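A short worksheet on the structure shown next.
Every value quoted in this text rests on a predicted model; they were computed, and no experiment measured them.
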Amino acid sequence: MEGHIHSLESFGTVDGPGVRFVVFFQGCPMRCLYCHNPDTWEPEGGQVMEPDAILDRLERNRAFYETGGLTATGGEPMLQIEFLTELFEKAAAGGIHTCLDTSGICFRPEDKAHMEQVDRLLDHTGLVMLDIKHMDPEKHRRLTGHGSDGVFAFARYLCEKKVPVWIRHVVVPGITWQREELTALGLFLRELPNVEKLEILPYHSMGRVKYRQLGIEYPLEGTPQLGKDEAAEAEEIVKKAWGLS
């Protein structure tokens with residue numbers, strides 16, 4: 001089994017618990033307006049690698065990952081679900097904690113073969129970090145280019161399977177920095193007892209440089225970055241609706 005990999009990061013500290021070996025998968029169907037990795041969009045880009053080659057790289061510094069593990073991010077790792085599953089199976093067999101950072105956009109509950117593959121993947125997944133882009137279906141489509149039904153179905157399925165989940169939510173002025181939207185997220189989290197943590201990610205424009213390098217117009221030109229106080233307020237709104245404060 002071979003996969004298209006954008007890059008590897010040896011000492012990630014923001015992609016799950018502990019120090020992580022982070023695998024950035026190539027390919028993503030979404031076109032989020034605030035995406036800071038447009039160089040991961042095309043599925044045929046990056047370098048072709050086998051799971052063993054990736055795990056060999058991890059093993060070089062295995063001692064650093066004893067309280068962490070391996071995280072698959074992207075791009076969208078579930079776009080290459082068969083390769084991802086093999087990677088996680090081999091990692092878990094070696095006692096390595098596995099974490100999947102995903103938008104859930106590839107989830108297809110109506111597809112029996114896909115669901116069998118998802119179950120096989122989740123059997124070897126220690127944690128899912130689920131990126132919820134927007135709670136409003138139409139605004140989600142405007143923000144990402146895709147509907148949100150699969151995302152919320154995946155969130156509920158993870159709850160059914162009792163998979164530990166961290167929720168990530170990017171707060172963007174004028175898009176997701178809205179009390180109604182943040183309250184809706186908190187109310188949704190009440191339905192999911194498997195959610196262990198919420199990460200509010202303040203919007204930043206550092207990805208603008210990549211857009212220039214790729215000759216792509218930056219969609220949120222002129223949008224102000226979110227300050228720490230605003231991010232803290234956004235988190236408090238979600239947690240209040242969630243019932244945590």
Exercise for the section: For the pair E59 and R62, evaluate salt bridge (charged side-chain N to carboxylate O under 4.0 Å, His left out) and give the outcome as yes or no after the intermediate values. Expected result: CA-CA 5 Å; E59 288 293 343; R62 177 68 181 265; 2.8 Å; yes
Practice task
Please step through side chain to side chain donor-acceptor pair (under 3.5 Å) for the pair Y157 and D119, ending with a clear verdict.
Solution key: CA-CA 10 Å; Y157 191 68; D119 285 343; 2.4 Å; yes
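Remark: side-chain polar atoms of D101 are not paired, donor with acceptor, to backbone N or O of A72 under 3.5 angstrom. Here the side chain of H4 pairs no donor or acceptor atom with the backbone of Q26 at under 3.5 angstrom. Without hydrogens or angle criteria, E76 side chain to S103 main chain gives a donor-acceptor distance under 3.5 Å.
Of the candidates Q117, K90, R120, T85 forms a side-chain hydrogen bond (donor to acceptor under 3.5 Å, both in side chains) with just one, namely Q117.
Aromatic ring centroids of H36 and H204 lie under 6.0 Å apart.
Here the side chains of I216 and W41 are in contact, with some heavy-atom distance below 4.5 Å. You'll find the side chain of I175 stays beyond 4.5 Å of the side chain of R142, heavy atoms only. Considering only heavy atoms from C-beta on, L220 comes within 4.5 Å of Y203 through its side chain. For the pair L130/L100, no side-chain contact is recorded, criterion being any heavy-atom separation below 4.5 Å from C-beta on.
Taking the charged nitrogens against the carboxylate oxygens, K197 and E199 do have a contact shorter than 4.0 Å, which makes a salt bridge. Of the charged side-chain nitrogens involved, none lies within less than 4.0 Å of a carboxylate oxygen, so that E181 and K139 do not count as a salt-bridged pair. The pair R20-E9 does not meet the salt-bridge criterion, since no charged nitrogen lies less than 4.0 angstrom from a carboxylate oxygen.
Taking the six-membered ring for Trp and thresholds of 30 and 60 degrees, Y211 and Y218 have ring planes more than 60 degrees apart, a perpendicular arrangement.
More than 12 heavy atoms of other residues, nucleotides or ligands shown are found within 6.0 angstrom of CD on E110.
Remark: Q80 engages no residue in a side-chain hydrogen bond (donor to acceptor under 3.5 Å, both in side chains) (not counting sequence neighbours).
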